[in-house]
Amino acid sequence: MRDTAMRDARAFVVSATDVEEFRNLINGEWMQSSSKQPFDNANPADSTDIVGRFQASTAADAGLAVDAASAAFEAWKKTSVSKRAAILNRAADHLEAHADRIAREVTREMGKALNLARDEVLRSAQTLRFYAVEGQSLTGEVFPNDDADMTVYTLREPLGVVSIITPWNFPISIPARKIAPALITGNTVVFKPSSDAPLSGYRLAEALAVAGLPKGVLNFITGKAGEIGAAITEPPVIRAISFTGSTAAGEHICRSVRFTTRTQMELGGKNPLIVMDDADLDQAVDLTVKGGLSLAGQACTGTSRVLVMKQVRAEFTAKLVAKVKALKIGSGLAAGMDMGPLATAKQLETVLRYIAIGRREATLLCGGERLTGAGYDGGYYVSPAIFTDVTQQMTIAREEIFGPVIAIIEVDSYADAIAKANDTEYGLSAAIVTRNPRVMQDFANDIQSGTVKINRTTTGNLINAPFGGLKRSSTSTFRESGRTGLEFYTQIKTVYRGT
Ligand code: NAD
């Protein structure tokens, strides 16, 4: 389908109003939705800039995507793993060749700085290459037994049709880390990106189509969760769902699907960073700003609570406020900006609502204003808010805000810090800043968190290491990333082979 897919995609993208219209990819064809009503995807740095027009798909469209994935499964399962790997590598070539253009699109549709967007596109290509290699050495086990004429071993085989549902904050790398292991292990996919950043996912689907993925193996469909969510999660033919998004949506999906549908849910967080009294305070400030604000606080692993020892609280806080006040806020496309806009109007509203709650509950030290005026009008800009005198019971200490809001909580011992850090329903990422090796070791053991960082930001994770949360941050069924990322997409058969 390689050449046809590209030709068709190009033929359909230009609409009469100069805003490109992007279609669904179903059974190898770039198709309009039966609703014939596209929706607009706006630039959060300037909401009058329409990045693209996407299909407001219906349940009927979603049904076609599921049927196409189902029909393609047997042949894809039988396709040799080296052929599957070659397709992933060619898709990686495509992403790398177009990295600059795709990075600009990522920035235009969700606001992150251009250098971060470029890193994300290249990381997505690297993820495809990683699974092209790693997927080729996925093995079963052989078991000793007493019968000299029998060999007992396990086979790992693909599940079937997998639904992949993703958020807007890492709009190409999260889809890549799910789609690559799904495809290399022989599954077929229905992929629904967030309606707030669908173009990045489209580019990934396009790269795989250009790379020669057979029709129906990957189906890309856009639209509202309320319209198509059930159609891509509830049919019995859907053998697995890999979802990244809010805890509320993940829990809803888990409750609505069959017990035989495997789920992998990577959800929200309320990530703490502990600053011990022996910490390098400049490093602690740096880690807080990078972890808490680099994506305007919109990383699932972003630092949102800073638990600081009372001996160093005043000095740490003064340094933090000075650094935050000096940050440059502006469009991700402009050079030298430290923080971009929030990704959507809804995000802006949510973040301003939490800031208003924080003003009533705690002490606002800086920021927390909607930014207006030249360069800001039409965009969803907020100055980063630092709150102090925050206590455990406060809303801003308990709920995921997902914005540039940092809560400083005083602690008086390591034990107090751990108790407060763990006093949350979430468990995605947690960090500590200390020079004490004993405390480092204890922290790794004591903290209830899927990712543990010592003198590093709460954000960031490797392609080749497992990633996922604990508690209400994840179903904790299977981890993403690395070799473990392949396990979710395969099932085990145990074979007893006599002579
Ligand atoms: P969201 O839950 O609103 O949406 C995520 C995706 O799920 C979107 O594509 C959405 O359309 C879809 N969706 C929502 N309800 C659905 C349903 N009932 N059926 C099928 N699909 C449905 O989340 P968001 O606002 O896009 O992203 C922000 C959230 O994602 C935050 O809570 C953040 O912590 C979380 N997140 C988690 C991780 C992680 O790895 N743990 C990574 C990034 C983001």
Side-chain angles (χ1 to χ4, degrees), residues 269-294 297 299-324 362 365 384 386-394 396-398 405-462 464-471 473-474 476 479 481-482:
K270 189 72 189 166
N271 311 295
L273 176 135
I274 297 173
V275 182
M276 294 303 292
D277 50 1
D278 67 342
D280 173 339
L281 292 186
D282 291 322
Q283 181 188 32
V285 166
D286 203 39
L287 296 175
T288 303
V289 170
K290 282 197 184 119
L293 304 175
S294 62
C300 54
T301 50
T303 304
S304 71
R305 297 181 290 149
V306 181
L307 302 146
V308 55
M309 291 284 278
K310 75 171 170 222
Q311 299 90 320
V312 293
R313 173 181 161 180
E315 192 184 347
F316 168 82
T317 303
K319 282 175 183 272
L320 178 66
V321 169
K323 181 144 188 158
V324 167
L365 293 174
I386 308 295
F387 285 99
T388 193
D389 301 325
V390 178
T391 60
Q392 288 301 101
Q393 296 69 34
M394 292 179 184
I396 60 167
R398 305 206 74 78
V405 180
I406 290 170
I408 297 177
I409 300 169
E410 182 179 293
V411 293
D412 57 22
S413 64
Y414 168 76
D416 187 29
I418 283 291
K420 285 179 174 153
N422 284 338
D423 177 22
T424 169
E425 59 187 4
Y426 296 108
L428 190 54
S429 183
I432 194 164
V433 194
T434 181
R435 292 184 169 103
N436 184 336
R438 176 75 257 161
V439 171
M440 294 178 190
Q441 182 79 0
D442 287 348
F443 178 67
N445 291 327
D446 297 338
I447 193 74
Q448 296 165 357
S449 176
T451 301
V452 180
K453 299 285 194 81
I454 297 160
N455 297 329
R456 290 288 181 274
T457 54
T458 53
T459 48
N461 57 292
L462 290 176
N464 59 352
F467 174 73
L470 303 180
K471 296 156 87 175
S473 292
S474 170
S476 281
R479 286 287 181 250
S481 290

Exercise. For the residue pair Arg305 and Leu273, establish whether any side-chain heavy-atom pair is separated by less than 4.5 Å.
Key: no
Exercise. Using atom types as modelled and distance alone, determine if a side-chain donor or acceptor of Thr288 lies under 3.5 Å from a backbone N or O of Ala284.
Key: yes
Self-check item: Beyond-backbone contact of Ile432 with Val439, side-chain heavy atoms, under 4.5 angstrom
Solution: yes
Self-check item: Interatomic distance, Lys453 atom NZ to Ile274 atom CD1 [nearest 0.5 angstrom]
Solution: 15.0 Å
Self-check item: Heavy-atom pair with the smallest gap, counting every atom of Thr391 and Ala397
Solution: O-CB, 3.4 Å
Quiz item: Cut-off 3.5 Å, side chains only: do Thr303 and Thr458 have a donor facing an acceptor?
Solution: yes
Quiz item: Looking at Asn436, Thr434, Asp442, which hits side-chain hydrogen bond (donor to acceptor under 3.5 Å, both in side chains) with Arg438?
Solution: Asp442
Exercise. Would you list the pairs meeting salt bridge (charged side-chain N to carboxylate O under 4.0 Å, His left out) in which at least one residue belongs to residues 415-427, sequence neighbours left out?
Key: Arg398-Asp423, Asp416-Lys420, Glu425-Arg472
Quiz item: Does some side-chain heavy atom of Leu293 sit less than 4.5 Å from a side-chain heavy atom of Val324?
Solution: yes
Quiz item: In Å, rounded to the nearest 0.5 Å, how long is the span from NZ of Lys270 to OG1 of Thr424?
Solution: 8.0 Å
Practice problem: Taking all heavy atoms of Ala421 and all of Ile447, pick out the closest pair and write down the distance. | Solution: CB-CD1, 3.7 Å
Self-check item: Nearest-0.5 Å distance, CG of residue Asn422 to CD of residue Gln448
Solution: 3.5 Å
Quiz item: Looking only at heavy atoms, which two atoms of Met276 and Val312 are closest? And how far apart?
Solution: O-CG2, 4.0 Å
Quiz item: Given Leu470 and Ser476, is the side chain to side chain contact (heavy atoms under 4.5 Å, CB included) satisfied, shown in steps?
Solution: CA-CA 6 Å; Leu470 303 180; Ser476 281; 4.1 Å; yes
Self-check item: Leu428 side, atom CG; Cys300 side, atom SG - distance, nearest 0.5 Å
Solution: 5.0 Å
Exercise. Tell me, yes or no, whether the heavy-atom count around Arg313 atom CZ, taken from other residues, nucleotides or ligands under 6.0 Å, exceeds 12.
Key: yes
Quiz item: Are the side chain of Ser473 and the backbone N or O of Gly469 linked by a donor-acceptor pair below 3.5 Å?
Solution: no
Quiz item: Backbone N or O of Met309 within a donor-acceptor pair of the Asp277 side chain at under 3.5 Å?
Solution: no
Practice problem: Might you point out which heavy atoms bring Ile396 and Ala362 nearest each other, and give the distance in Å? | Solution: CD1-CB, 4.3 Å
Practice problem: Check whether any side-chain heavy atom of Ile406 sits under 4.5 Å from a side-chain heavy atom of Phe387, and report yes or no. | Solution: no
Quiz prompt | Nearest atoms (heavy-atom pairs only) where Gly450 meets Arg479 | solution = CA-NH2, 4.3 Å
Exercise. With the side chain counted from C-beta on, respond yes when Ile408 and Leu320 share a heavy-atom pair under 4.5 Å apart, and no when they do not.
Key: yes
Exercise. Grab the two heavy atoms, one from Ala299 and one from Thr459, that are nearest each other, plus how far apart they are.
Key: CB-CG2, 3.9 Å
Self-check item: Under 3.5 Å donor-acceptor, Asn461 side chain and Phe467 backbone
Solution: no
Practice problem: With rounding to the nearest 0.5 Å, note down the distance linking CG in Asp282 to NZ in Lys323. | Solution: 8.0 Å
Exercise. Keeping the roles fixed (side chain from Asn464, backbone from Gly482), state whether a donor-acceptor pair exists under 3.5 Å.
Key: no
Quiz item: So do the side chains of Ile409 and Val306 get within less than 4.5 Å of each other, counting heavy atoms only?
Solution: no
Quiz item: Pick one: which of Leu281, Val285, Leu287 meets side-chain contact (heavy atoms from CB on, under 4.5 Å) with Gln283?
Solution: Leu287
Quiz item: More than 12 non-hydrogen atoms from neighbouring residues, nucleotides or ligands closer than 6.0 Å to NZ on Lys471, yes or no?
Solution: yes
Quiz item: Would Leu365 and Thr317 satisfy side chain to side chain contact (heavy atoms under 4.5 Å, CB included), going step by step from the backbone distance to the final call?
Solution: CA-CA 9 Å; Leu365 293 174; Thr317 303; 3.3 Å; yes
Quiz item: Passes side chain to side chain contact (heavy atoms under 4.5 Å, CB included), Glu410 versus Asp389? Steps please.
Solution: CA-CA 7 Å; Glu410 182 179 293; Asp389 301 325; over 6 Å; no
